Structures are given as C-alpha cells and as structure tokens.
Amino acid sequence: MTFALAIERLALTRGHRRLFAGLDLSLRAGDLLSLTGPNGAGKTSLLRVIAGLLAPTEGIVRIRTDSGEAVDGEDRARLVGWLGDRDAVKPQLDVGEQLRFWAKLYGTPAPEPEAFGLKPQLPGQYLSSGQKRRLALARLVLTGRKLWLLDEPLAALDDDGKALLAGKLTAHCAAGGIAIAATHDPLGVDGLTLRLGDA
Amino acid sequence: MTFALAIERLALTRGHRRLFAGLDLSLRAGDLLSLTGPNGAGKTSLLRVIAGLLAPTEGIVRIRTDSGEAVDGEDRARLVGWLGDRDAVKPQLDVGEQLRFWAKLYGTPAPEPEAFGLKPQLPGQYLSSGQKRRLALARLVLTGRKLWLLDEPLAALDDDGKALLAGKLTAHCAAGGIAIAATHDPLGVDGLTLRLGDA
Amino acid sequence: MLQLGNPRRFLDVTGKLLPWLAAATAVLFAVGLWLALNVPPDYQQGDSVRIMFLHVPAAWVAMMAYGLMAFAGATALVGRHPLADIALKTAAPLGAVFTALGLVTGSLWGRPMWGAFWVWDGRLTSFLLLLFLYLGIIALGNAIEDEVRAARAAAVLAIVGAVNLPIIHFSVQWWTTLHQGASILRQGGPAIAPVFLWPLAIMALAYTALFMTLWIVRIRTTILERKAAVLVATGRA
Amino acid sequence: MSALRTVIARDLMLAVRAGGGAALALAFFAAVATLVPLGIGPDLKLLARIAAGVLWVAAVLAALLSLDRLFQADFEDGSLDLMALAPLSLEALAFAKIVAHWLSTGLPLTVIGALLAVAYGLPAAATGTLVLALLIGTPAVSAIGGIGAALTLSIRRGGLILPFIVLPLVAPVVIFGAGAVAAVLDGLQSGALLFLAAFSLLAVALAPFAAAAGVRLNLGA
Amino acid sequence: MSALRTVIARDLMLAVRAGGGAALALAFFAAVATLVPLGIGPDLKLLARIAAGVLWVAAVLAALLSLDRLFQADFEDGSLDLMALAPLSLEALAFAKIVAHWLSTGLPLTVIGALLAVAYGLPAAATGTLVLALLIGTPAVSAIGGIGAALTLSIRRGGLILPFIVLPLVAPVVIFGAGAVAAVLDGLQSGALLFLAAFSLLAVALAPFAAAAGVRLNLGA
Ligand code: HEM
Ligand SMILES: Nc1ncnc2c1ncn2[C@@H]1O[C@H](COP(=O)(O)OP(=O)(O)OP(=O)(O)O)[C@@H](O)[C@H]1O
Ligand SMILES: Nc1ncnc2c1ncn2[C@@H]1O[C@H](COP(=O)(O)OP(=O)(O)OP(=O)(O)O)[C@@H](O)[C@H]1O
Ligand SMILES: [Mg+2]
Ligand SMILES: [Mg+2]
C-alpha cells in the first residue's frame, strides 16, 4: 500500500456560481499535479476543499496513508502541508522566531533560515515579497506532511527561489509524497496537469 | 521636448544594508524598463524612491514633463501611476465602487470592469488573487498618469491577464508614457532591463 | 417529537393542529381580557394593576421563547437537522417582539409605580440584555449568507446566551431592586391574591398559545419557501 | 474640493459597511452606558449626578476606539500609497478622514448621548447642554485622535502613544464638556462651552497638518 | 500540551510586541480611570462610592477592546488556515488564545486595578475584594470575548454584532464583580464572589467549544 489521494464526484458552488462539478481525481505517492485555469476558476477553492478547510457541495476526498488506512473528513487536516496564497508572516516576529513557532506547533525540527536564503534576525515587517514567500516555503517544508497543497508558490520568487522550490518539490515527490500546486506558470518540474473550468 | 525621467547617483541604505548606490538612469517617452534582481535586492524600494514615497539616502530623481518643466521633490507624486505589490482592495466595497472611488479621486473617468475581466457587483471580499490583481491594473490604467511604476504586475495573473497587461503596457508606451516594472518573469513586451544588486 | 422532525410530517400534523390552536388563542384572550378588566382595583395600585395582565405574561413568554429557541439550537448542532435550524431562525424575531412588549408594558407600569419609565435595576437591565441577545442572534443569522453556516452560528450564540435566563429570573433576589420580587413563580406557592391569580394564569396561557400559533405559522412558511427555492434552483418550477 | 468630498464619502461608506468603525463605536458607547448602572447600582440620584461625566468619558473612548485604525487599514493594504500619489495633499487627506470619522461617530454619538442622558435621569436643561457640548467637543476628539493614529501608523509599539499623546490632549475636552453640564446642574454660569469651542476649533485647524506629517513619516518606513 | 504552550507563548509575544494588544488595553484602562474623575469632579466620597463599578466597567471594556482581533489578524493573513491544519484541535487553539489573552490583559488589568482602587480612595478591605473579583472575573471576559470574536470572524458587519453578543454575556461579570465590592462597603455578607467564580468557571470551560465552532464555521467562508 502506498500513500494515495482519491477525489470522487467533487462539486463546489460558491455564491450561486458553480465552480466545478463531477470532479474525479486520483493521485499516488510521487505524483505532482499542476492545477491551472483562468483567474477565478476555483483553483484556490479546490485546494481548500482538499485540505478540508472548505466543505464541498458534493463529493468526497479520501486519503490512503502508507499503512493502508483510509482517512477522510476532518482527520485529513493532519496529513496536509499548506502553502496558501497569503504568506501568514507576522510583522512583529523575526524570521527565526516564526519558523521556530511553526516547527514547535507541528512538532518537527525548525529548518535553517539560511537554507532558504533568509536571515534569521530579519523582522517580518521588513521582509520583501520574495523573502516572505521563501519563509512560507520553509514553513511548508518543516511540516513534514505527505500531501503538499501549494497556492501560487512561484509568486514573487526570483530564479534562485524558483529553483529552490523545484528542488523541494522533486525531493518531496521522490520521498513518496504528493504535491498539488495551483499555478499560472510552469513549475520547472515534470508532472501531471489539471485545468479547471474555462469560463 | 518629450516626457523623460532622469535618475542621478541614487543610493539607498535600509537598516544598515546598502541596497544600491551610484545608480544613474535616464528614460524617455516610450521606454519600458524591466527591473530585475534577486529577492531583497531593492526593486520595491527603488520604485518607492522614484515615486517619492521613500527618501533616497543620496541622489536625485527628476522628471521632465511634455511642456519641458523639470519636476522633482514631492511634486513628482502628481505624475506617477502606481501598481504596488499589495492590491489595495477593500473587502467591503464591490468592484464597481472601488473603481469609481479611485477614478473620482484621480479626477478621471472610471473604466469598465468588464474590460479587465471583472464583474462590477463582485464584493472585494470574494475576489480571487488574480481578480484582485486585475482590479489593481484597472486602477493603474484609470490614473491616466504618464509614469507607470509596477511592482510584480504579473503576479497571480492568468495567461489572458498577462496578455491584457502586455497590451496596456504597449499602449501606454506608444502614447508617450514611461513604465518601470519590477518583475521576475518576462513581461511579454520588448523593452530595456535593469538588474539590481546580485548579493 | 421525532416524527415531527420530518418537515413533511410537520406540515401534515401542524396543518390539522393550527386552526384549533388559533381558535384557542382567541378564546383565551377573550376570557382573559374580560376577567382582567373586571377584577377589583388593587388597594395600593388602583387600576394600573391591570397592566400586570399584559406585562407579566409577555415577560414570561419572552423567556420561554428563548428557552425553546436555545433547545432548537442544541438540536440543530447535535442532530444537524434542517427543521431545528428553521425553528431557531423563526423563534428569534418572535421572542424579540415579546421581549419588546414586556419592556414597553413594564415601562408604562413603571411610570405610575416608580415615577420613571426606566430605572437601572437588575431585572430591567438583564431583560433589556435579553432583547440585545435576540437582536444579536437575528443579526448574526442574517449576516452569514450560507444558510447552514448561518443557522449554526446562531445556534452557538443561542445556547451560550441561555445563561441570561436564570440571571433575569433570580436578579430580584441578587440585588436590592425596585422591581417586584418573585410573587408567583416562587418556592412556597404564589403570594398574590387569588382574584388576580386566575386572570393572570389565563392570560399566560393566551400569550403562550399566541406564541405557539405564530411560531408554527412561521416555520411552515419557511419550509414552503425553501421548498420553492429548491424547485426554482433545480429548474423544476 | 471634489477629491476631499470623494474621500469623505468613501470613508463614510467603509465606516458604515465595515461595522468595524462607526457601528462598533456606537455599540461601545451604548455598552458603557448600560454597564455603568450595573456596576454602581440602581441609585437614580447618583446616576444623574455622574451622568455627564460618564457619558463624556464613554463618548471620548468610543471615538478613540475607532480612531486607531483611521489610517492603519489603508496603510496595511497599500491604499495609503495610492492616496499619497493622488491629486490631493496629505493634509487634505487627513482632514477628509477626520471629517468622515466625525460624521460617522461623533455625530451619532451626540444623538445617542441625548437618549442615554434621558435614561440616566439628567434634567432637560442639562441634557440640552450635554448635547451641545458633545456636538462642539467631539470634532476635537476626532482631530486629536487623528494625530495619534497617524503617528502610530507603523510604529511597532503604537499602543503606548495613546496614553502619552492622546490622553493629555483630550483631557481638556472632557473637563470642559462635563464641566458645562455640571455648571447647569448647579445653576452656575460657566464659560466652559466657550473654552470647549475654542479648543475644538484649534484642534480641527491644526490636526490635519500634524497628522499629515505623521503619515509622511511613516510612508517612508 | 506542548502545542498549547507554544500557541500561548506566541500569542503572548505578539500581544506584548505589537503594542496593539496588551499595551493598548492597559493604557485604555488607565485612561478611563484618569478621565472619570475629570468628568465627574474631584468629590472623593463620590469617587470611592462609584470606584468599583467604574473600574469594573473599564476593565471589561479594556479587555474587550483587544478581543475583537483575537482571531482576526490570524484569519486575515492566512495563519489561521495553517493552525487549523496543525496537530492541535480548534478547541485547544481557542483555549490557548483565551489563556494568552487573559495573561496579557486580564492579569495586568488586575494589578493596575489595585493601584487605581487606592487612587480612588477605596478602603483596604474593599480593594482586596475588588482585586480578588478581578482575578476571578477577568478570565470569563476573555472567554466570552473569544466566543464573540470567533463567531463574527468573517462577517462584514461583525463589529456591529459583536457588542450585542458580548454585552449580555459579560453583564453578570460586572454585576457580581462590582456587587461583591459594594457588599463589603455596606458591611453585608454576599455570595457574589461565589457566583462570579461559578460563572467564570463555566465560561472558561465552555468557551473553547463555542469559539472553535465559530472558527470552523468561518474558515469555510
Ligand atoms: C420596563 C420595566 C419592566 C421590565 C423590563 C420588567 C420585566 C419583567 C420580567 C422579565 C418578568 C419575569 C420574571 C420571571 O418570571 O423570572 C417580570 C415579572 C413581573 N413584573 Fe415586571 N418588569 C418591568 C416593570 C414592572 C413594574 C413597574 C411592575 C409593578 C410594580 C412589575 C411587576 C411584575 C410582576 C408582579 C411580575 C411577576 C413576578 C414573578 O412572580 O415572577 N414589573 N417583569
Ligand atoms: N525598514 C527597513 N529596515 C531594514 N531593512 C529593510 C527595511 N525595509 C526593507 N528592508 C530590506 O531591504 C531589502 C530590500 O527590500 P525590497 O522590498 O526593496 O526588495 P525587492 O527587490 O523588492 O525584493 P522582492 O523580489 O522579494 O520583492 C530587503 O532585504 C529588506 O529586508
Ligand atoms: N464566499 C464566496 N461567495 C461567492 N463567490 C465567491 C466566494 N468566494 C470566492 N468566490 C468566487 O469564486 C471564484 C473562485 O475563486 P478562487 O479563489 O478559487 O479562484 P482561483 O482559481 O484561485 O483564481 P486565481 O487564479 O485568481 O487565484 C471567484 O470568482 C470568486 O469571486
Ligand atoms: Mg487563487
Ligand atoms: Mg518587491
């Protein structure tokens, strides 16, 4: 048995607008999926549904863990690594403090900020857009979760940052993880693609 | 005499870190400049200095208007169209209300939201990342200013949005404007490039 | 009770019940008001004692309505039942109206009794807070667009707010207060002349029947409205 | 002129819609007024005695409450940059925001204040004076609060500015405002309202400059 | 357990650093206490008489002031999503946030409350009771405020609704808290402190569940 994600007949309607319906998807350990589609197609919404943060209108999302256990409902949350479209960076804390906090919360070791091109003493308030994105990426990596959900991970990253991201994605999938990334640009890593509703 | 921008010996130090120094630059009507460089190089900071929102440590920024008048200091603000890294979208107002407000404030006609792929009745709270970016772009266009400063304008835009941006940039420069865009990705329009400090 | 939880069954049963309930309300009010107008004037309060028959039952029903609403809220949260959602949502405005009625009649009574329309005593203030609570629940329910989420939020608040009920009731014991102490619902039996007791009891029944009638009507209309909305949305109407 | 009106209209709309601003302040005011009798007991004579003081303090605090986000929200989401670049001086912008704040809180506070004064059993003449005082004094509160809000915009320890800058400046408003009512209650003549008017005028005239300086300082941060 | 401690420690740090949270609440509390005597005049007997009520109302409002952003900031910047996905139930998260809020405001408010009571001329015995009452009662305020903050998280008119939710629920705290002090002043026996303790216990025990329900509800918005 290996880690796997199965989505069946998933549908979501937000404020009278049907974003997607009858969506089926199955991914296995090692798969990387690029989620594309026009602005407002529902990429972010789909990621939230998969994470269990948003209830779908219909359908189910189920994860099979390495031990063969089928996990759905709220328990899914414990398997998800999240990189949202907002950076969740606190202006009052410095880079090191933020990483240590999340590491403690997720019960994993905190990574070296330098490995992500960040200075540990820099306060969140002074970070440039790309530096914030790098911090968010570091936080994703530290969760150690097997299902990564990334929302526009390339935003604000420079070439070096993009290579860093590609490296992390490759390593994650090679280690038996699954990653789904909503993006408008190529991730620089081979993988599957799902295009959501062209309006 | 045509519209022109001249930067001389510009230097900026933020919190003990020298971001750039001795920067000289001169642009003329029709020029499009891509500002590139690694995360934290100082692209956003340079744009703020040019707009007059941030005082440089050294050097000057001067604009010559069509009528040959040389404008520097705070008066520069009146010539700048700004698209920041944050979207300045209010959750409580709908798309149409936001555009009408900025149009009135800048004393120009409000554009059709539909021309930017937006529904006028959609509340700011529900906009997707790309929709917010499109709103910010619409706001830049409505200012009617001759010097455009754009910070990561491509972020969150889909292919159609990128084409829209490229079109607006082309039209702006063709009409005798100047545009400077901090970006990590090609804008899809021919132009000059300035690369800031590789650390 | 369980069978009533099914919306269709609820419509059936209440459809038969409703005319009787409405008739009972009318009769109770007629008798109650007639009695109230014919009791002898109080030796202290004179004719203004008659406001009691409007005031006290209004206050009681306002509190009872809150209790029922909170119960519906608990059912909605535990059982995730759509009918409980509707019961909660429809009870709130009705309860608010009865609370307002209790406040207005109390104020009118307070003018001759205390020389002021309003005093800041414990019972009056806590009853005013009950009105706020009702308004808060209504506002919260309306502020959230999604029906299920709105019902759940309102339910949480309704349950939490139930602590206010004992506070209103016991407030007269806990503070030195101007308001009448417990004279009817108290340990050791009512301390009120029997001539007043009977009309008061009948008026209390009348108010209760009125509340029930209105509540059932509102629940029925909401069920039918939602059915219609589903039909329209699915293109079947 | 039209830019000024535009900003005022928009800030009013945000204040009303967001709920965060105007409604919260009013609800807060009403809350204070409701809680105080619960705290000090139902003695009507005592309540009438302290009514003016309590209502003034409550009104000032309610106004200040919504003031700390006067520029903050626009600063955080980038709107302030765009406003600084608009054809409108920062002074005019600050003035517009202060006016909008007063219209959305000061003015309604005055109206609610009248109701609460009656509920507290304040005599009619004193209630009239209180309302007049609130009408004259609340613009000063909006203006002074605006200075504080601008100065604390990006300062990390902004919270401390409130007691050290705003409090000493609003104290005269409370003193003259409540003093005017006390004088009426005691049947005395008093120039408190005149002082209040003078102070308020001064505050409204000077605040936009101070606030604009504060904003300018913080944009470059 | 360790996750709980981690969140508490981080929220405390944010409250202290931001200035917005803890410092603002304390400053506000001190401001009310300073302004009230200015508003009602320097009558010491009167001040002592109303001290407990005024200080309680001020403390409750100061605590509530910082409460409306208890979850808001984390919601807006996306941190709440990450916390919902962390190995920590939403109930535990809500509890941690309530505890952190109490530590950063309720507790210091109690200390400052003691000082202010003395400044208001409250007798020693009554001051002791006031401090005890604040210590017992402020956790309930944090807990109740937490419920309100969670329920109104994503609502556009949240600010308007919040006082309606919170006010009726905190009223008992003010009543019993100030009542306990009044009883001591009048030389009466009173069970107010017991009631307060019971109410506070109930509030703290139940609030995490209600608040978690509110957060869960709003994450899907
Ligand atoms: C605005 C003013 C008033 C309000 C908000 C008010 C509120 C209430 C409430 C909530 C109750 C029900 C308490 C319970 O059963 O637990 C009640 C009952 C009662 N009220 Fe009032 N009241 C007001 C004025 C008055 C006045 C002026 C009188 C007469 C002097 C009065 C006499 C009574 C009596 C006799 C009861 C029944 C007591 C019992 O046995 O529970 N009320 N009122
Ligand atoms: N107030 C400040 N004090 C100290 N350092 C600061 C301050 N503001 C910004 N910095 C630092 O200045 C550098 C430049 O930031 P800037 O936002 O200009 O970078 P950028 O080129 O736009 O980067 P990105 O590509 O990530 O957007 C960053 O390293 C940042 O940490
Ligand atoms: N609560 C809501 N009520 C109504 N409509 C909503 C709500 N939330 C989101 N929407 C709408 O749902 C659509 C999908 O939004 P979503 O953020 O999932 O898009 P996206 O594919 O991520 O777009 P982008 O590429 O711009 O990030 C948008 O059109 C948005 O306006
Ligand atoms: Mg998106
Ligand atoms: Mg940048």
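The shown structure was predicted, so the numbers you read here are calculated from the model rather than taken from an experiment. A note on names: the letters A, B, ... follow the listed sequences, proteins ahead of strands, and every chain is numbered from 1.
Around CD of A:E58, the count of heavy atoms belonging to other residues, nucleotides or ligands within 6.0 Å does not exceed 12. Surrounding CZ of E:F95 are at most 12 heavy atoms belonging to other residues, nucleotides or ligands under 6.0 Å away. Atom CZ of A:R78 sits in a crowded spot, with more than 12 heavy atoms from other residues, nucleotides or ligands closer than 6.0 Å. The environment of A:D24 atom CG is dense: over 12 non-hydrogen atoms of other residues, nucleotides or ligands sit within 6.0 angstrom.
With values rounded to the nearest 0.5 angstrom, E:L85 atom CG is found 7.0 Å from A:W82 atom CH2. The CZ atom of A:F101 lies 7.0 Å from the OG1 atom of E:T6; values are rounded to the nearest 0.5 Å.
For the residue pair E:L219 and A:R48, the shortest heavy atom distance occurs at O-NH2, 3.2 Å.
For residues 137-156 of chain A, a heavy-atom distance under 4.5 Å to chain E picks out A:R139, A:R145, given by residue number.
Both the backbone and the side chain of A:A51 come within contact range of chain E, with heavy atoms under 4.5 Å apart. Contact annotation for E:A9: neither backbone nor side-chain heavy atoms come within less than 4.5 Å of a heavy atom of chain A. For A:E97, the part sitting under 4.5 Å from any heavy atom of chain E is the side chain, from C-beta outward, and nothing else.
In this structure, A:V89 and E:D77 have side chains that are not in contact, with every pair of non-hydrogen atoms separated by 4.5 Å or more. A 4.5 Å side-chain heavy-atom check between E:R10 and A:K90 finds at least one atom pair inside the cut-off.
Side-chain atoms of A:R86 never come within 3.5 Å of backbone atoms of E:S79 as a donor-acceptor pair (strictly under, hydrogens ignored).
Counting heavy-atom pairs closer than 4.5 Å to chain E, the top residue among A:G107, A:G81, A:A77 is A:A77. Chosen from E:L80, E:L88, E:V7, E:D81, the residue pairing most often with chain A at heavy-atom distances under 4.5 Å is E:D81.
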